[in-house]
Amino acid sequence: MSSQGGTRQPKYQRIADALKAAIRSGEYGPGDRLPGENDLMATYDVARMTARQALGVLQSEGLAEARKGAGVFVRAFRPLRRHGIQRLAQEQWGSGRSIWSTDSADRELVVDQVEVHEETASDAIAAALGIPDESPVWVRSRRFVLDGKPVLFATSHLPSDIVAASAITRSDTGPGGTYARLAELGHEPVHFREEVRCRMPSAHEAERLALSLGTPVIQIVRTAFAGDGRAVEVNEMTLDSASYVLEYDFDA
């Protein structure tokens with residue numbers, strides 16, 4: 001039996017490791033049902049709670065998902081690679097392509113739950129955009145569903161004095177999206193800053209992304225800057241951590 005630092009691994013962890021090895025070997029493929037609690041109790045001579053914890057490890061790591069009344073299954077969803085630098089290149093949105101197409105490639109991407117409205121900026125958003133407190137901003141909220149699985153929702157905040165009466169205030173911003181429209185308005189984004197953190201989701205976020213129990217989310221806050229140094233957008237994105245691999249490729 002394996003040990004770490006002289007301390008024996010908990011039984012549930014050893015069972016989880018055995019199940020993960022079986023998934024890696026192909027014994028259980030995408031969409032296959034894993035042994036249930038009763039099966040694990042009999043095979044490993046453990047209590048129900050231990051078997052439940054073992055299956056919970058696989059769910060929390062995004063390898064498996066529970067289906068109510070049916071059991072726990074190997075996740076069939078193929079994770080997305082989010083190319084953090086290439087996706088924001090001007091040649092991407094400047095040619096009329098969505099920056100999200102870099103992630104989805106040839107897979108079916110649907111944008112739903114689109115909401116666009118004007119509101120008073122919160123203190124945090126006003127500070128990030130460098131605008132006076134209680135200034136008006138346009139807010140664009142949308143959810144991204146890939147291959148039928150919700151993977152991300154994003155909320156952009158843009159200064160009203162820049163985007164009012166433009167296509168950015170409509171549900172469909174047109175080819176190239178928000179950044180192409182900002183360029184047409186004379187505020188082309190030339191620099192981006194992203195802050196990344198991982199945390200557990202709120203109940204609303206877990207429901208909106210249809211997350212398995214125990215799955216954390218990745219939060220990315222991106223600020224876009226125009227050539228004069230002015231912040232022209234703050235985009236708060238919440239990602240299903242089990243659906244994404246964050247990839248950054250750049251020269252030394």
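What you see below is based on every heavy atom in this structure, not just the backbone, and it leaves out hydrogens, waters and symmetry mates.
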Subject >> Verdict with reasoning, V221 to N235, per side-chain contact (heavy atoms from CB on, under 4.5 Å) >> reply: CA-CA 6 Å; V221 179; N235 189 357; over 6 Å; no

Original post:
Would R48 and N38 count as a side-chain hydrogen bond (donor to acceptor under 3.5 Å, both in side chains) if you check the C-alpha gap in whole Å, the side-chain angles of each, and the deciding distance to 0.1 Å?
Top reply: CA-CA 7 Å; R48 183 173 300 278; N38 290 338; 2.7 Å; yes

**OP:** Show your working on side-chain contact (heavy atoms from CB on, under 4.5 Å) between E205 and R199 and close with a plain yes or no.
**Re:** CA-CA 11 Å; E205 290 169 335; R199 58 174 174 78; 2.9 Å; yes

**OP:** Take Q113 and R208 through the side-chain contact (heavy atoms from CB on, under 4.5 Å) test and state the conclusion after the steps.
**Re:** CA-CA 10 Å; Q113 299 184 4; R208 196 173 184 189; 2.9 Å; yes

**OP:** Kindly indicate, with the supporting measurements, whether the criterion side-chain contact (heavy atoms from CB on, under 4.5 Å) is fulfilled by R33 and Y28.
**Re:** CA-CA 8 Å; R33 184 181 183 277; Y28 298 108; over 6 Å; no

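Here the two rings, on Y44 and Y12, have centers that are 6.0 Å apart or farther.
Ion pairing of E184 with R181 is present here, as a side-chain N (NZ or NE/NH1/NH2) and a carboxylate O approach within less than 4.0 Å. Of the charged side-chain nitrogens involved, none lies within less than 4.0 Å of a carboxylate oxygen, so that R14 and D17 do not count as a salt-bridged pair. Between R67 and E65 there is a salt bridge, since at least one side-chain N of the basic residue sits less than 4.0 Å from a carboxylate O of the acidic one.
Formation of a donor-acceptor pair under 3.5 Å by the R222 side chain with backbone atoms of I220 is not found in this model. A donor-acceptor pair is defined here as one N or O able to donate and one able to accept, closer than 3.5 Å; no such pair exists between the side chain of R143 and the backbone of P150. Counting only distance, with no hydrogens or angles, the side chain of S160 and the backbone of P136 share a donor-acceptor pair below 3.5 Å.
Closest approach of A231 to A128, counting heavy atoms only: CB-O, 3.6 Å. Between L158 and V232, the shortest heavy-atom contact is CD2-O, 3.5 Å. Nearest approach of V137 to P159, heavy atoms of both residues: CG1-CA, 4.3 Å. Taking all atoms of both residues into account, the shortest heavy-atom contact from A51 to V46 is N-CG2, 4.3 Å. Here the closest heavy-atom approach between residue S171 and residue V116 is recorded as CA-CG2, 4.0 Å. The two residues P35 and L55 come nearest to each other via the heavy atoms O-CD2, 3.7 Å.
With no hydrogens or angles considered, a side-chain donor-acceptor pair links H117 and E119 at under 3.5 Å. Residues Y179 and E233 bring a donor and an acceptor atom of their side chains to less than 3.5 Å of each other. Neither side chain, Q219 nor T238, offers a donor N or O lying under 3.5 Å from an acceptor on the other.
Hydrophobic clustering (side-chain heavy atoms under 4.5 Å, transitive across Ile, Leu, Val, Met, Phe, Trp, Tyr) groups M237 together with V151. In this structure, L109 is a member of the same hydrophobic cluster as L152, with clusters built from ILVMFWY side-chain heavy atoms closer than 4.5 Å. In the hydrophobic cluster analysis, where Ile, Leu, Val, Met, Phe, Trp and Tyr join through side-chain heavy atoms closer than 4.5 angstrom, L182 is grouped apart from I131. Tracing side-chain contacts under 4.5 Å through hydrophobic residues (I, L, V, M, F, W, Y), one reaches L40 starting from V74; they form part of the same cluster. Hydrophobic clustering keeps I125 apart from V163 (ILVMFWY residues linked when any side-chain heavy atoms are closer than 4.5 Å, directly or through intermediates).
Using a 4.5 Å heavy-atom threshold, the side chains of L63 and R75 count as separate. The closest side-chain heavy-atom distance from E118 to V139 is not below 4.5 Å. At a threshold of 4.5 Å between non-hydrogen side-chain atoms, the residues S202 and E207 do not count as touching. The shortest side-chain heavy-atom distance between T215 and S241 falls under the 4.5 Å cut-off. A 4.5 Å side-chain heavy-atom check between T178 and R140 finds at least one atom pair inside the cut-off. Counting heavy atoms from C-beta outward, F225 and R230 have side chains that stay 4.5 Å or more apart. Counting only heavy atoms from C-beta outward, the side chains of V196 and L246 approach each other to under 4.5 Å. Counting heavy atoms from C-beta on, the side chains of V57 and Q13 come closer than 4.5 Å.
Within 6.0 Å of the CG atom in D45, the count of heavy atoms belonging to other residues, nucleotides or ligands does not exceed 12. Environment of NZ in K20: crowded, with over 12 heavy atoms of neighbouring residues, nucleotides or ligands closer than 6.0 Å. By the 6.0 Å contact criterion, CE on M49 is open, its count of non-hydrogen atoms from other residues, nucleotides or ligands being 12 or less.
With values rounded to the nearest 0.5 angstrom, S243 atom OG is found 8.0 Å from L211 atom CG. To the nearest 0.5 Å, atoms CD1 (I15) and CD (Q9) are separated by 11.0 Å. For the atom pair L209 CG and F144 CZ, the distance stands at 12.0 Å (nearest 0.5 Å). With rounding to the nearest 0.5 angstrom, the CG atom of L185 is 8.0 Å from the CD1 atom of I162. To the nearest 0.5 Å, the span separating CD on E236 from CD on E195 amounts to 10.5 Å. Here OG1 of T223 is found 10.5 Å from NE2 of H157. Values are rounded to the nearest 0.5 Å.
Listed by first and then second residue, the ring-ring contact (aromatic ring centres under 6.0 Å, His included) pairs that reach into residues 48-68 come to none, sequence neighbours excluded.
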